[in-house]
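Letters A, B, ... mirror the listed sequences (proteins, then strands); counts begin at 1.
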Amino acid sequence: MERKYDATAIESKWQKDWEYKGLHSVKKDTDKEKFYLLEMFPYPSGKLHMGHVRNYSIGDVMARYFTMNGKNVLHPMGWDAFGLPAENAAIQHGVHPDPWTRDNINNMREQLKTLGISYDWSREEGTCLPEYYKWTQWIFTQFYKRGLAYKKKAAVNWCPSCSTVLANEQVVDGCCERCDSLVEKKDLEQWFFRITDYAQRLLDDLDKLPGWPDKVKTMQENWIGRSEGVQLEFRTEAGDAVPVFTTRHDTVFGVTYMVLAPEHPMVNKLTAGTEYEQPVKEFQKKVSQLSFIDRTSSDLEKEGMFIGAYAINPMTEEKVPIWITNYVLYEYGTGAVMGVPAHDQRDYDFAKKYGHQIKRVVAPKDWDGSELTEAFESYDGIMVNSGKYNGLSVTEAKVAMAEDMEAKQIGKRVVNYRLRDWLISRQRYWGAPIPIVYCDTCGEQVLPLDRLPVLLPTDVEFRPTGESPLKTSPTFRDTTCPKCGGHAVREMDTMDTFVCSSWYFLRFTDAHNPQEAFSKDAANYWMPVDQYIGGVEHAILHLMYARFFMKVFHDMGLVEADEPFTNLLTQGMVLKDGSKMSKSKGNTVSPEEIIARFGADTARLFILFAAPPERDLEWNDAAVEGCSRFLSRIWRMYVQMIDMGGLDEALPAELNEADKNVRRALHGTIKKVSEDIAVRRQFNTAISSIMEAVNAIYDYLDTPAPKGAVLGEAARAMLLLLAPFAPHITEELWHELGNQDSVHEQQWPDYDEAALVRDSIEIAVQVNGKIRSRIEIPANLGREEMEKLVKGLPQYTEWLGGKAAIKTIAIPGKLVNIVVK
RNA sequence: GCGGGCGUGGCGGAAUUGGCAAACGCGCCAGACUUAGGAUCUGGUGGAGCGAUCCCUGCAGGUUCAAAUCCUGUCGCCCGCACCA
């Protein structure tokens with residue numbers, strides 16, 4: 001055996017061996033409990049970063065642990081390979097996105113393999129491969145047939161830098177999620193997925209996910225943004241209906257004006273041919289020029305103008321003026337709002353500025369008749385100035401009025417969501433083409449499966465024009481209609497890459513199926529994903545889209561489960577000098593270099609040891625060396641143990657004190673590591689516990705008595721415990737112990753309860769909660785015996801300090817507290 | 001503004017159910033071995049004090065025999081949402 005630990009030699013040796021043996025490929029096996037473990041697949045940028053290393057190290061610990069515990073573990077990897085960087089590279093360097101992406105994938109795959117993660121590479125998939133995007137397109141066609149994919153003209157988010165539209169979820173603080181450019185509004189005809197149909201289920205089913213962090217569930221809840229209210233029909237003097245949405249229909253007697261979004265179609269109708277027409281047009285123009293961020297900012301100065309028309313309040317028959325403002329959003333509710341200055345702070349500010357009447361209709365119980373100085377928004381109040389509803393509480397009034405509104409057919413109870421339909425069109429090349437053609441005679445036609453995939457043409461030019469580069473292809477545009485066979489033109493937009501990543505976990509269950517996206521059988525065996533691991537930045541986007549897809553597939557009868565991910569772990573970021581590692585900040589540490597210098601086992605160990613998985617992790621070069629030293633220390637320990645020999649002997653019936661101590665440390669560690677991985681997902685403490693056991697074994701090695709058998713037990717168990725964290729060094733040492741098979745195919749060790757038992761323990765003696773002493777007592781004493789023992793001690797009166805003991809609290813195994821006065 | 005989370009030594013962190021604060025590691029100090037040490041091993045390492053002791057989990061209160069942990073208030077940091085009617 002080598003006297004020194006040589007990580008590089010060991011690691012490449014075993015990586016080749018595992019691959020050769022196919023150690024990590026899995027098949028359906030109904031004899032075993034399945035466990036689907038998935039890490040969010042990466043975009044193939046070409047280079048692995050520390051965030052990846054962290055993500056996959058966490059996943060690999062679990063995958064190896066559950067495998068050793070007899071589960072049939074599916075642990076696949078693939079590539080989220082469509083997207084803008086490839087296309088930008090094409091524009092800048094003239095390389096075609098396809099080979100560019102394939103090169104990156106090849107590089108990253110090699111880097112990933114040097115980490116020694118237990119992936120089943122036979123299931124590798126890439127979203128940019130025709131064999132994959134064929135099925136993405138097929139899914140689109142199914143959505144289309146179910147009415148879940150539709151085209152409409154709408155004001156959409158436009159990123160001028162990426163030259164494409166964005167989904168609402170991809171707009172962060174009014175800027176593009178990718179490139180931070182200020183997002184503009186554009187009127188365009190675009191494809192949408194009707195995710196709003198699933199809003200309520202996406203919300204309700206969050207309750208089915210106890211294994212998700214509350215933080216993520218809350219974020220999704222807020223994003224869906226359910227609110228209950230009434231849609232109430234105001235009318236213009238001409239009799240046109242202008243419905244408003246309100247959650248405070250109880251305040252309808254307090255309406256003193258009505259506000260429309262400037263884009264509201266009724267605005268032009270009401271002002272056409274009047275003196276207001278021109279000024280209104282100017283106001284509309286001004287508002288439309290506001291950036292997205294300004295328009296939705298609460299700092300925006302509220303501005304508005306009267307448009308010369310009046311609306312009738314259907315409950316009071318009162319006539320109120322109609323205004324337009326910059327603070328009402330056309331996209332939410334009905335784009336029309338009733339102005340109740342007394343009970344809505346925005347309306348209050350607006351009324352103060354423009355001199356609208358402020359009419360109180362809810363008052364606190366002890367109201368002294370005083371004037372309002374701000375809006376009274378509380379629900380804790382009594383109705384006033386509200387006709388027959390006076391005297392009711394807000395809650396009672398809400399019910400009574402809603403019933404009356406429905407009875408009079410002037411309003412209905414409705415639920416509104418903040419969630420909008422998902423805009424999936426992208427005016428870019430490097431994505432899955434939308435499988436739609438426009439026939440000269442039959443119009444819009446969806447392509448059948450035998451016309452899929454719609455392949456990306458290669459004869460395109462890459463120019464940042466704001467139009468899909470597909471339009472530059474001489475061969476792509478013209479095709480035939482699937483219905484009549486006549487001339488048709490293809491849809492030129494591609495799909496948002498988030499579409500591709502919304503079902504990849506299903507494809508892994510049946511990765512190369514040429515007939516179907518995935519077979520029902522495979523999906524039902526493996527799904528749902530038992531443990532999903534990735535960055536919290538996907539809390540809304542990817543994680544909600546994937547849930548949406550899963551529910552649609554469930555409804556289509558393709559899979560039984562209707563939630564994709566049972567347990568979710570959102571890992572923290574990897575920081576250097578206090579901020580996220582990034583190229584622009586120049587604070588990156590390259591995994592490649594770390595692996596070359598210390599080995600993958602050290603890199604993995606450090607990243608798992610430095611912080612609990614959910615928390616951010618500060619990179620520390622010195623601590624990395626510490627982990628490397630720890631592995632060397634382990635190596636030397638095995639050199640010493642193997643030199644001593646006798647490791648294969650059976651445990652003797654009689655054990656000495658030293659034997660018992662080291663066995664207690666070992667079995668305590670087995671218990672702790674098992675719990676930390678399986679239950680607490682707290683790998684840093686699992687590793688520290690292994691370190692403690694190593695220290696205990698070193699102490700034991702210094703004791704004089706013969707110890708082969710006890711050492712042998714420890715030598716084997718320690719490798720099993722460490723195997724999920726540092727798979728290569730443990731495999732090497734496992735073989736040095738004389739084993740022929742892989743350490744990763746072994747059964748996870750059980751701990752011996754009897755070995756944990758102590759004869760005596762140290763407890764604390766407290767007086768009024770302050771430590772006075774620590775004493776050694778027999779481990780099995782109960783409350784009364786402990787109390788008796790402490791009272792009988794010679795120091796007892798000294799501890800009391802001349803005061804009287806009122807009572808004594810004894811906690812077995814912990815302490816005795818004497819309360820004195 | 002609303003919602004969620006976090007505040008513990010020089011640093012990363014531990015304390016699982018309210019029960020001995022600081023496990024484990026990094027760093028630092030001293031020593032051993034050594035031609036040498038950025039290897040390895042041993043010991044020490046929250047603060048004050050010569051000392052017995054006392055103090056210490058952002059801050060101020062409270063509950064309790066007992067609080068890092070529970071409650072109230074407050075300060076600071078991070079994340080998400082934000083004119084959603």
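- Residue R226(A) is out of contact with every strand shown, counting any heavy-atom pair closer than 4.0 Å.
- Across all strands, N817(A) comes closer than 4.0 Å to base atoms (heavy-atom distances).
- Taking syn as a glycosidic angle within 90° of 0, G4(B) does not qualify and is anti.
- Summarising the local packing, CD of E2(A) is surrounded by 12 or fewer heavy atoms from other residues, nucleotides or ligands at distances under 6.0 Å.
- I771(A) comes within contact range of the sugar-phosphate backbone alone, with a heavy-atom separation under 4.0 Å but no base atom that close.
- Using a 4.0 Å heavy-atom criterion, one finds that N695(A) contacts the sugar-phosphate atoms exclusively.
- Contact annotation for N416(A): no contact, since no heavy-atom pair falls under 4.0 Å across all strands.
- Rounded to whole Å, the P atom of C70(B) lies 11 Å from the corresponding atom of G19(B).
- When each of G4(B), A14(B), C24(B) is scored by its nearest atom to the side-chain atoms of K215(A), the top-ranked nucleotide is G4(B).
- Only the P atoms considered, G7(B) is 34 Å distant from C41(B), to the nearest whole Å.
- Across all strands shown, V328(A) has heavy atoms under 4.0 Å from base atoms, whether or not it also approaches the sugar-phosphate.
- Geometrically, R604(A) does not engage F725(A) in a cation-pi contact defined by less than 6.0 Å to the ring centre and at most 45° from the axis.
- Comparing the C1' positions of U17(B) and C78(B) gives a spacing of 29 Å, expressed to the nearest Å.
- Within 4.0 Å of E692(A), counting heavy atoms only, lie sugar-phosphate atoms of the nucleic acid but no base atom.
- Annotation: A60(B) and A68(B) have their P atoms spaced 14 Å apart (nearest Å).
- Between G1(B) and G47(B), the distance separating the two C1' atoms is 42 Å to the nearest Å.
- Between A23(B) and U40(B), the distance separating the two C1' atoms is 24 Å to the nearest Å.
- Proximity note for R420(A) (side chain, C-beta onward) versus C84(B), C81(B), A14(B): the nearest is C84(B).
- Screening I777(A), T808(A), I818(A) against V790(A) for a side-chain contact (heavy atoms from CB on, under 4.5 Å) leaves a single residue, I818(A).
- Within the 4.0 angstrom heavy-atom criterion, only backbone atoms of the sugar-phosphate kind lie near V819(A); the bases stay farther away.
- Separation of the C1' atoms belonging to G18(B) and U57(B) is 15 Å when rounded to the nearest angstrom.
- Nearest nucleotide to the side chain of I809(A), out of C81(B), C24(B), G19(B): G19(B).
- The side chain of R629(A) lies closest to A39(B) when the candidates are A85(B), C84(B), A39(B).
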Quiz item: In dot-bracket, 5' to 3', how would RNA chain B read with Watson-Crick or G-U wobble pairs under 3.5 Å, [ ] for crossing ones and | for pairs to another strand?
Solution: (((((((..(((......[....)))((((((.......))))))(((....)))..(((((..]....))))))))))))....

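- Counting non-hydrogen atoms under 4.0 angstrom, Q682(A) reaches the backbone sugars and phosphates but no base.
- Using a 4.0 Å heavy-atom cutoff across all strands shown, K672(A) reaches at least one base atom of the nucleic acid.
- Rounded to a whole angstrom, the distance from the C1' atom of G10(B) to that of A22(B) is 14 Å.
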